[in-house]
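Working notes, structure below.
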Amino acid sequence: MAISALACVLQDVLHEGLGHGVTAWLSGAHRLVISTVALQSDIGTRWISANGTLVNLLFGAIFWLLLLRPQRYRPATRYFLVLAMAGNLFTGTGYFLFSGVFNFGDWAAVIEGFEPHWMWQLVLVVVGAASYYASMLMVAAKLKPFRGQHDPSRRLRVLCWTPYFTEGILAGLGGLLNPLGLFYVIASALPSSLGANAGLMSLPFMMRQGNGSEEQQVGPLRRSIAWIATAAVGSLLFILVLGRGLTWSR
């Protein structure tokens, strides 16, 4: 749960802060309010809307590259990198699908004014569905060594479902104090966690074939006070500080 919480915080900060916030600042914005659910800025451009997702995809690729030599990491660190990769890839690709279906969110703003609009929505749906499934395959490949030899199905369910519910709860709590109101908890915080990470619920069933004996298995994830303490501090800052919104002006 601690590792899941830190991966959730990292994904959100990359999306809202580095993606939307830094892009808006570099684009000439004079006032920004960044929270866990959205960016408020005195200017709006397609790049500002798009870069939250693009930063998530970039960091998803970076975490994938870091996992090319997984033997360098302890089991807990390796699991964190897998969850960070999953969260960023699922958020990035899931946003295409979400905006295409509901015509709401970052990529709805990107394609606003493009005609015929229904065709652009359809493109988002197709690209989102295809890229999301590809992301699931990438995450499944990195999770396989964690399943172990004894009751691998149960272990995979724990490793996938624990972060799903942990991140959903943390995202919901982090959105409760946001300056835009409860609507954005329902329209942004929960879809970006429970919706975007829905692939975690399906991964154990995708990976149930085979016994995992073809590759070296990862050792147990032992309880770590350092991970727990870091996650506790990070979660409190996420909920009570970033959740209320941070303001910059110039």
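Here, residue 1 is the first one in the sequence, and each next residue gets the next number. All values below were derived from every heavy atom in this structure, side-chain atoms included, with hydrogens, water molecules and symmetry-related copies excluded.
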Derivation of the side-chain contact (heavy atoms from CB on, under 4.5 Å) call for L242 and L237 | CA-CA 6 Å; L242 186 59; L237 292 174; over 6 Å; no
Flag the pair W120 / F114 as yes when their ring centroid distance falls below 6.0 Å, and as no otherwise.
-> yes
How would you list, by chain and number, every residue that makes a ring pair (Phe, Tyr, Trp, His ring centres under 6.0 Å) with F90, sequence neighbours excluded?
-> Y132
Heavy-atom donor-acceptor pair, D12 side chain to C8 backbone, under 3.5 Å = no
In Å and rounded to the nearest 0.5 Å, what is the CE to NZ distance from M206 to K144?
-> 8.5 Å
Could you check N51, T93, N88 and say which one makes a side-chain hydrogen bond (donor to acceptor under 3.5 Å, both in side chains) with N56?
-> N88
So which heavy atom on V185 is nearest to which on G172, and how close?
-> CG1-O, 4.2 Å
Cluster link I186 to V37, ILVMFWY, side chain under 4.5 Å = no
Look at the side-chain heavy atoms of Ile, Leu, Val, Met, Phe, Trp and Tyr, link any pair under 4.5 Å apart, and say whether L182 and V33 land in one connected group.
-> no
Sorted by first residue and then second, give each ring pair (Phe, Tyr, Trp, His ring centres under 6.0 Å) pair with at least one member in residues 18-74; sequence neighbours left out.
-> H15-H20
For R74 and L221, indicate whether the former's side chain and the latter's backbone hold a donor-acceptor pair under 3.5 Å.
-> no
Flag, side chain of S99 to backbone of W107, donor-acceptor distance under 3.5 Å | yes
List in chain and number order the residues that pass ring pair (Phe, Tyr, Trp, His ring centres under 6.0 Å) with F104, two or more places apart in sequence or in another chain; answer none if no residue qualifies.
-> none
Residue pair M201, L194: steps toward the side-chain contact (heavy atoms from CB on, under 4.5 Å) verdict = CA-CA 10 Å; M201 297 295 287; L194 296 179; over 6 Å; no
Quick one: does S41's side chain have a donor or acceptor within less than 3.5 Å of a partner on G44's backbone?
-> no
Straight-line distance of I239 CD1 to L173 CG, nearest 0.5 Å | 5.0 Å
Is L83 reachable from L65 through a run of hydrophobic residues whose side-chain heavy atoms are each under 4.5 Å from the next?
-> yes
Residue pairs passing the side-chain hydrogen bond (donor to acceptor under 3.5 Å, both in side chains) test with at least one member in residues 232-250, sequence neighbours excluded, are none
Minimum heavy-atom separation for A84 to L10, with atom names?
-> CB-CD2, 4.3 Å
Results of ring pair (Phe, Tyr, Trp, His ring centres under 6.0 Å) for F165 - residues two or more places apart only = none
Using the side-chain contact (heavy atoms from CB on, under 4.5 Å) rule, take V101 and V125 through it: C-alpha gap first, then chi angles, then the decisive distance, then the call.
-> CA-CA 6 Å; V101 171; V125 170; 3.9 Å; yes
Give the cluster check for V22 versus I48: same hydrophobic cluster or not, with ILVMFWY residues linked at side-chain heavy-atom distances below 4.5 Å.
-> yes
Heavy atoms of S35 and N178 approach each other most closely as OG-CB, 4.1 Å
Between D106 and S49 the two heavy atoms that sit nearest each other are CB-O, 3.3 Å
Would you say the side-chain atoms of T162 pair up with the backbone N or O of L159, donor to acceptor, closer than 3.5 Å?
-> no
To the nearest 0.5 Å, what is the distance between CD1 (I169) and OH (Y164)?
-> 11.0 Å
For R223, does the CZ atom sit with more than 12 other heavy atoms under 6.0 Å from it, leaving out its own atoms?
-> no
Atom CE of M119 and atom CG of L124: how far apart are they, to the nearest 0.5 Å?
-> 10.5 Å
According to the interplanar angle, ranging from 0 to 90°, do the rings of Y95 and F98 count as parallel (below 30°), tilted (30 to 60°) or perpendicular (above 60°)?
-> perpendicular
Please name the pair of heavy atoms, one in R31 and one in D42, separated by the smallest distance, quoted to 0.1 Å.
-> N-OD2, 3.3 Å
Can you find a heavy atom in the side chain of W161 that is under 4.5 Å from one in the side chain of L200?
-> no
Check step by step if side-chain hydrogen bond (donor to acceptor under 3.5 Å, both in side chains) holds for T91 and Q11.
-> CA-CA 8 Å; T91 298; Q11 174 272 317; 3.3 Å; yes
Under a 4.5 Å side-chain heavy-atom rule over Ile, Leu, Val, Met, Phe, Trp and Tyr, are V139 and V158 clustered together?
-> no
Check: F80 ring centroid to W227 ring centroid under 6.0 Å | yes
List for me each residue that meets ring pair (Phe, Tyr, Trp, His ring centres under 6.0 Å) alongside F146, sequence neighbours excluded, and say none if there are none.
-> Y79
Straight-line distance of R78 CZ to R72 CZ, nearest 0.5 Å = 11.5 Å
Shortest non-hydrogen contact from G128 to S131?
-> O-OG, 3.3 Å
State, yes or no, whether a side-chain contact exists between T36 and E16 at a heavy-atom distance under 4.5 Å.
-> no
Count the heavy atoms of every other residue, nucleotide or ligand shown that sit under 6.0 Å from CE of M1, and state whether that count exceeds 12.
-> no
Can you tell me how far the SG atom of C160 sits from the CG atom of N197, to the nearest 0.5 Å?
-> 11.0 Å
Take L89 and M136 through the test side-chain contact (heavy atoms from CB on, under 4.5 Å) and record every step on the way to the result.
-> CA-CA 9 Å; L89 289 180; M136 291 180 65; over 6 Å; no
